[in-house]
Every structure is written in structure tokens, then in C-alpha cells.
Number of protein chains: 2
Amino acid sequence: MRLDTNTLNTARPAGGAALPPSGLPEIALFAGCPELIGSPFSYAREEEVYGEGEETEYVYKIVSGAVRTCRILADGRRQIHGFHLPGDLFGFEPGQTHRLTAEAIADTRVLMFKRRQLERIATRNVEVACQLWTMTARNLQHAEEHMLLLGRRTALERVAAFIIEMDARLGGTGSIELPMSRRDIADYLGLTLETVSRSVSQLQQDRALALSGARRVVLNRPAMSRIVED
Amino acid sequence: MRLDTNTLNTARPAGGAALPPSGLPEIALFAGCPELIGSPFSYAREEEVYGEGEETEYVYKIVSGAVRTCRILADGRRQIHGFHLPGDLFGFEPGQTHRLTAEAIADTRVLMFKRRQLERIATRNVEVACQLWTMTARNLQHAEEHMLLLGRRTALERVAAFIIEMDARLGGTGSIELPMSRRDIADYLGLTLETVSRSVSQLQQDRALALSGARRVVLNRPAMSRIVED
DNA sequence: CGGGTGATTGAGCCCGCTCAACTCTCGTGG
DNA sequence: CCACGAGAGTTGAGCGGGCTCAATCACCCG
């Protein structure tokens with residue numbers, strides 16, 4: 001299974017950590033675009049970044065922490081559409097208003113960019129316009145992969161695919177610290193938190209992964225891949 | 001629930017039928033772009049238009065008929081990502097290869113456009129580039145809506161939402177002819193064909209819709225909306 | 001040491017799946 | 001005109017994966 005990150009990756013060196021461990025992340029949005037400078041901002045754990053229906057005024061790039069974007073039905077059912085990790089860009093949607101809600105999963109630092117300014121540059125700079133389109137396309141690709149998962153995968157396959165995706169996005173070292181709760185995972189995978197927990201236990205029993213605490217995961221890559229193979 | 005068509009609508013007059021009932025559909029892809037002329041082509045029912053992994057050489061615009069795009073797992077599980085109806089554009093994916101398979105649901109006539117040529121024009125014509133981006137964005141929006149459906153909706157809600165979506169895309173008259181089989185609907189909604197059939201029967205019993213034959217549907221819009229309301 | 005949050009585990013149930021029989025429609029040919 | 005067959009759709013019976021509800025456990029942080 002091929003799960004691409006749904007991110008425009010500018011800060012992350014190929015195959016390296018989520019952020020350069022030493023220096024600060026660059027403040028410009030794109031490498032070739034020094035006139036786009038972001039304003040640093042912070043959100044506390046569980047704080048809303050923007051809500052469904054709000055004006056799409058800013059675009060955000062995560063420096064540290066993590067953000068979820070989701071939709072909620074009137075009766076409380078929630079579908080998380082994606083998780084955004086350090087280096088990821090989010091909040092860029094066509095149209096005047098956000099169709100999703102964005103909330104910080106952990107204490108999160110971001111850089112904010114004026115959407116208007118970004119668009120103004122995109123109309124002039126083909127490079128930037130292309131990067132924006134690529135980002136939207138990558139989001140679409142991720143969504144397509146996720147639809148297959150939601151529509152046709154079993155609970156065990158979903159959880160395994162999720163862990164593999166997270167490992168890939170967090171550096172691909174095979175040893176990760178999940179930033180989100182079981183409930184968040186469940187709402188991302190279209191399951192209940194109990195089923196997620198049971199599936200993780202199952203994977204551990206099958207020696208496909210090892211836990212230390214609930215969130216620290218070491219994966220047995222071959223075994224995990226075998227579960228989700230298509 | 002707001003379900004947008006995932007189409008770049010150029011041929012369809014606002015609120016009108018899928019195609020102007022009289023004249024032929026225009027042969028150019030975009031209204032303001034007469035140099036892009038498509039070649040007519042036809043596919044028989046169940047014929048493949050392109051397969052997963054093939055080169056993305058052409059973009060297609062449907063003149064008549066219908067096409068599904070899907071992914072299939074090794075064990076036969078299939079997820080249909082979308083249906084493409086007259087006036088819709090499909091086959092435009094970033095990257096060198098198609099990530100989805102496209103097949104004709106019914107005998108279908110299309111116009112084919114060289115992807116390369118389209119991209120060449122897009123780099124020069126901001127208007128066209130913007131339309132392409134809007135199309136990708138609309139596909140993404142549709143995908144987001146669909147993820148909520150696949151992850152958090154009941155079978156009855158899914159089927160009701162599907163009929164509403166089809167009505168909207170087929171003219172919004174409240175009386176439609178479904179071009180696809182129960183199996184196709186099932187693979188779109190992440191259900192089995194039996195469950196789709198049962199749900200349709202249920203909706204009929206609840207007076208939310210009326211059938212004549214399996215594919216001709218007249219909907220009771222208020223009752224249908226009540227079922228999927230969020 | 002409690003207290004609180006998050007995660008795990010257990011027991012039972014139900015929605016949607018599986019398997020199977022039946023019906024309906026429609027095209028073909030006698 | 002009906003007979004027939006094939007494919008699509010419907011309906012029924014029973015099962016099971018994932019959900020619900022609830023109890024327990026693990027881990028922080030005072």
C-alpha cells in the first residue's frame with residue numbers, strides 16, 4: 001500500500017527527521033520565495049485553529065506539535081480528515097470559507113501566512129502556483145487512499161495502515177511517538193476507540209509491533225506490510 | 001448535507017439538463033480556450049478507459065454515457081471513487097501515472113485531450129491554470145465529503161445521500177435514471193449490493209422515494225434530506 | 001498516595017455481511 | 001405469441017465484526 005504524506009514538504013530533509021534538530025525552521029513558506037514571511041503563533045492542546053465556515057484568511061505551517069482537521073455531524077459523529085505534523089502546510093482551501101475544523105492535538109507552534117498574499121504571488125510566480133496545485137493534488141491523492149481504507153478495509157488493516165503511514169511521515173525510522181489519542185485515531189479510521197485499542201493489542205500479540213506506553217510504537221515493518229498488502 | 005459535483009462544469013447550463021438537449025456539446029475543453037480541441041472517441045459498456053499505473057497521457061470529457069474511477073485490492077475488494085457524467089472532466093491527475101482505473105459504466109462517448117498540451121497552455125494562461133486547480137480542489141472537496149460518509153454514516157444515510165447527490169448532478173429535477181448497477185453503488189458507498197438494495201427498499205417503504213424499475217427514481221426531497229441531515 | 005485522564009479488556013448486541021433462493025426484466029428465437 | 005435463458009435486483013435466514021456499555025488498569029502530576 002502506498003500512503004503518501006499529504007504535505008508540502010519544504011522543511012524536512014529527504015529521509016531525515018521532521019525538522020532539522022539544530023537550527024530554527026526557515027520562516028519563509030517556500031524556498032524560492034523570500035518575500036513570504038510567516039508570523040509565529042501558538043495554540044494550546046485542544047485549542048481550535050479555525051472552525052468550519054470561517055473565512056479562509058490564513059495558511060499555516062506547523063513548526064512543532066500537531067493539528068487535526070475534521071468534520072462533525074450534529075449528533076456528535078466525527079470524521080478526522082487528516083493529521084498535520086511539523087513541516088506540513090494546512091488551511092489552504094479554495095473558496096471563501098473553511099470546510100473543515102482545525103484543532104491542535106498537542107501544544108503547537110505555527111507560522112501564519114496571509115492567504116491573499118500567497119495567492120497574489122501565485123498568480124505571478126508559476127513556480128509557487130505549481131507548488132500550491134501539487135499540494136492540493138497530494139491532498140487529493142491522500143484522500144483517495146483514505147477512501148479505499150474507509151470503504152473496504154477491516155479494522156486491523158486500517159490500524160496497521162495508519163501506523164505505517166505515521167511511521168513514514170515521522171521519519172520512517174520504524175520507531176515513533178504517536179501525537180494523537182486513541183479517539184483521534186478512531187475518528188480518523190472510522191472506528192471506535194475500543195476497536196482501535198483492540199486492534200493495536202492484536203498487532204502486538206502478532207508481533208507486528210511493540211508498545212512502550214500507549215503512544216510509543218516500534219514496528220516490525222515486514223509483518224505490518226503483510227497485513228495491509230493489496 | 002452539501003454534496004458538490006466533482007466536475008468542471010462547462011457544458012451544463014446552470015440548473016439545466018446535463019447537456020443542452022438540442023445542439024452538440026462544444027468540442028473545446030474550456031470556453032475561453034478555442035485552441036484546445038478534443039478528439040471524439042467511444043467506449044463500450046464495461047470497457048476500460050485506462051488502468052491503474054498507466055501513463056496519464058489524455059484527459060477526457062464525457063459527451064454521453066458514464067464512467068467510474070476505482071481502485072481494486074488483490075482479493076477483489078473494490079472502492080469506486082467517483083462517477084463521471086456527461087459534461088464531466090476526468091483523467092487529469094498530477095504525476096506520470098494514473099492512480100485509479102477508469103471504466104465505462106454504459107456505452108460512452110468522450111472527447112480526448114492531450115494532457116501535455118493542456119499543461120503547456122496552463123503554464124501560459126492563468127485562467128486555464130486556475131480552472132485546473134479549481135477542478136482538483138473540487139475533487140478534493142468531494143473526497144472529503146465522501147470520507148465523512150464512508151467513515152461515519154449508516155447504510156441508509158449513505159444510500160440516501162447518494163441518491164440526493166445523483167439527483168443534483170443529473171439536473172436536480174427530483175426524477176432520475178441511475179446509470180449504474182447496485183454493485184457499483186455498493187462499491188461507491190462501501191456497502192454490499194444486498195445492503196444497497198435493502199436500503200432502497202426501506203426508503204421506498206418510508207415514502208422517501210419511489211421506484212419504477214430498479215433504476216428510475218423519483219425522490220421525496222424533504223424526506224430524503226431529513227435522513228442525511230447533519 | 002490519591003485523583004484524573006486515557007487506554008485496555010470483557011460481555012453482549014446489532015448492523016451490515018454472507019450465502020442462498022427467488023423474482024423481475026428484457027432480449028432472443030421458435 | 002409465448003418459451004426460454006441470462007443478468008440484475010430483491011428478499012430471507014443466519015452469522016460475525018465491530019459497536020455499546022461497563023469495569024478495570026496504567027500512567028501522570030499533584
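Note: hydrogens, waters and symmetry copies are ignored here, and every other heavy atom, side chains too, is used. Residue numbers begin at 1 in each chain, while the letters A, B, ... track the order of the sequences.
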Using modelled atom types and a 3.5 Å cut-off, is there a donor and acceptor pairing between side-chain atoms of [X] and backbone atoms of [Y]?
X       : Y       : answer
N220(A) : L209(A) : no
D187(B) : Q79(B)  : no
R153(A) : A161(A) : no
R158(B) : L150(B) : yes
R78(A)  : I72(A)  : no
R77(B)  : R152(A) : yes

With D88(B), the salt bridge (Lys or Arg N to Asp or Glu O under 4.0 Å) member among K61(B), R169(B), R138(B):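 Among K61(B), R169(B), R138(B), the one that satisfies the salt bridge (Lys or Arg N to Asp or Glu O under 4.0 Å) with D88(B) is R169(B).
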Between [N] ([atom2]) and [X] ([atom1]): distance, integer Å:
X       : N       : atom1 : atom2 : result
R153(B) : dC19(D) : CZ    : P     : 17 Å
L209(A) : dT8(C)  : CG    : P     : 11 Å
L193(B) : dG12(D) : CG    : P     : 16 Å
E157(B) : dC15(C) : CD    : C1'   : 13 Å
R158(A) : dC19(D) : CZ    : P     : 8 Å
L203(A) : dT9(C)  : CG    : P     : 13 Å
Q204(A) : dA26(D) : CD    : P     : 13 Å
I105(A) : dG6(C)  : CD1   : C1'   : 15 Å

Candidates dT9(C), dT11(D), dT8(C) - which lies nearest the side chain of S201(B):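 Output: dT11(D).
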Parallel, tilted or perpendicular, as decided by the 30° and 60° cut-offs, for the rings of F90(A) and H84(A):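 Geometry flag for F90(A) against H84(A): parallel rings.
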Is the shortest side-chain heavy-atom distance between Y58(A) and F41(A) below 4.5 Å?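 No, every pair of side-chain atoms sits at 4.5 Å or beyond.
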Sugar-phosphate only, base, or nothing, as touched by [X] at under 4.0 Å among non-hydrogen atoms:
X       : answer
R216(A) : nothing
L211(A) : sugar-phosphate
R215(A) : sugar-phosphate

Please list, pair by pair, any protein nitrogen or oxygen found under 3.5 Å from a nitrogen or oxygen in nucleotides 17-24 of chain C.
unit_1	atom_1	unit_2	atom_2	d
dC17(C)	OP2	T192(B)	N	3.4
dC17(C)	OP2	T192(B)	OG1	3.1
dC17(C)	OP2	T195(B)	OG1	2.3
dT18(C)	O4	R198(B)	NH2	2.9
dC19(C)	N4	E194(B)	OE2	3.1

Under 4.0 Å, heavy atom to any atom of DNA chain C: which of residues 177-184 of chain B qualify?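 Output list: empty, so none.
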On DNA chain D, compare the nucleotides closest to R45(B) and A155(A); which residue's is nearer the 5' end?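 Upstream on the strand: R45(B).
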